[in-house]
Amino acid sequence: MKRVEVPNLTLAALVASCFIQIGAQLFALVVVAGTVAEAPPRSFAMFAGEYGYDSSGFWNTVPTITSVLFLVALIANWKSRRRRLLLVALSLFVIGSLIAGLLVEPLFSEMIAIGYSDRVDSALQSRAAKWYALDWMLWGVAASAGVALLLALLTPAHDQEAVLRK
């Protein structure tokens with residue numbers, strides 16, 4: 001395989017993984033988080049019971065795959081003009097991971113720990129609205145990382161003149 005192909009393939013795999021994650025995040029926001037934030041703890045019914053909604057399998061797997069692909073793509077593209085965009089995207093990915101791990105996920109866990117009740121708690125509804133807004137902000141950070149990756153993919157790995165000379 002030519003040297004130019006490896007950077008392209010690794011970056012394309014990273015873009016695919018990143019956008020799978022961004023798409024799942026958008027689904028979770030629009031379908032799950034919107035419902036959860038509407039009328040807690042009554043809206044927590046979707047998590048209750050033996051077959052309650054649980055996406056932890058996805059979120060425990062895909063971000064790890066994306067992280068590994070970031071490392072591989074960064075190594076493969078290190079000597080290219082794409083490096084800066086990859087570093088920007090990686091920085092946004094890490095910032096998003098920190099926001100998720102330090103703010104969004106703990107707030108969600110605290111709320112869900114209350115459990116289902118057939119009532120609506122206005123104080124909990126306010127916390128859920130804050131969590132929902134933070135989750136949208138997190139999606140914006142992830143989408144920005146995705147845009148940076150797309151821009152990197154659109155950037156030639158090497159100067160065309162140098163490729164033609166070989």
**Message:** With side chain to side chain contact (heavy atoms under 4.5 Å, CB included) as the criterion, how do T35 and F44 come out once you've worked through the C-alpha distance, each side chain's angles and the decisive distance to 0.1 Å?
**Reply:** CA-CA 8 Å; T35 300; F44 295 169; over 6 Å; no
Least distance between heavy atoms, [X] atom then [Y] atom:
{"X": "L138", "Y": "A100", "answer": "CD2-CB, 3.7 Å"}
{"X": "L153", "Y": "A12", "answer": "CD1-N, 4.2 Å"}
{"X": "V6", "Y": "A76", "answer": "CG1-CB, 4.1 Å"}
{"X": "V88", "Y": "A148", "answer": "CG1-CB, 4.3 Å"}
{"X": "Y132", "Y": "L29", "answer": "CE1-O, 3.5 Å"}
{"X": "L86", "Y": "A73", "answer": "CD1-O, 3.9 Å"}

Inter-residue atom distance [X].[atom1] - [Y].[atom2], 0.5 Å rounding:
{"X": "L98", "Y": "L103", "atom1": "CG", "atom2": "CG", "result": "9.5 Å"}
{"X": "S67", "Y": "L71", "atom1": "OG", "atom2": "CG", "result": "9.0 Å"}
{"X": "L107", "Y": "K130", "atom1": "CG", "atom2": "NZ", "result": "6.0 Å"}
{"X": "D135", "Y": "L26", "atom1": "CG", "atom2": "CG", "result": "10.5 Å"}
{"X": "E110", "Y": "L124", "atom1": "CD", "atom2": "CG", "result": "10.5 Å"}
{"X": "T10", "Y": "L74", "atom1": "OG1", "atom2": "CG", "result": "9.5 Å"}

**Item:** R84 atom CZ, over 12 foreign heavy atoms within 6.0 Å
**Value:** no
**Asked** If you count the non-hydrogen atoms of other residues, nucleotides and ligands that lie under 6.0 Å from CD in E38, is the total more than 12?
**Response**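 Check fails, neighbour count at 12 or below.
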**Prompt:** Any sub-3.5 Å donor-acceptor pair from Q125's side-chain atoms to A37's backbone N or O?
**Reply:**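 The answer is no, because no donor-acceptor pair under 3.5 Å joins these two groups.
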**Request:** Spell out, as yes or no, whether a donor-acceptor pair under 3.5 Å connects the side chain of S126 to the backbone of S122.
**Result:**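 No, S126 side chain to S122 backbone: no donor-acceptor pair under 3.5 Å.
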**Request:** Would you please indicate if the ring centroids of F27 and F58 are separated by under 6.0 Å?
**Result:**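 So the answer is no for these two rings.
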State, with a plain yes or no, whether a side-chain heavy atom of [X] is found less than 4.5 Å away from one of [Y].
{"X": "R82", "Y": "P7", "result": "yes"}
{"X": "W59", "Y": "D54", "result": "no"}
{"X": "T66", "Y": "L14", "result": "yes"}
{"X": "S109", "Y": "P106", "result": "no"}
{"X": "M46", "Y": "Y116", "result": "no"}

**Message:** Angle between ring planes, F93 versus F70, binned at 30° and 60°: parallel, tilted or perpendicular?
**Reply:**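 Geometry flag for F70 against F93: tilted rings.
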Should [X] and [Y] be counted in the same cluster of Ile, Leu, Val, Met, Phe, Trp and Tyr side chains packed under 4.5 Å apart?
{"X": "L11", "Y": "L150", "answer": "yes"}
{"X": "L90", "Y": "V15", "answer": "yes"}
{"X": "I20", "Y": "V31", "answer": "no"}
{"X": "Y53", "Y": "V36", "answer": "yes"}
{"X": "V94", "Y": "W78", "answer": "yes"}

**Item:** Other ILVMFWY residues reachable from L154 by side-chain steps of under 4.5 Å
**Value:** none
**Message:** Could you go through I22 and W139, starting from their C-alpha distance and side-chain angles, then the distance that decides it, and tell me whether this counts as side chain to side chain contact (heavy atoms under 4.5 Å, CB included)?
**Reply:** CA-CA 7 Å; I22 291 167; W139 183 82; 3.5 Å; yes
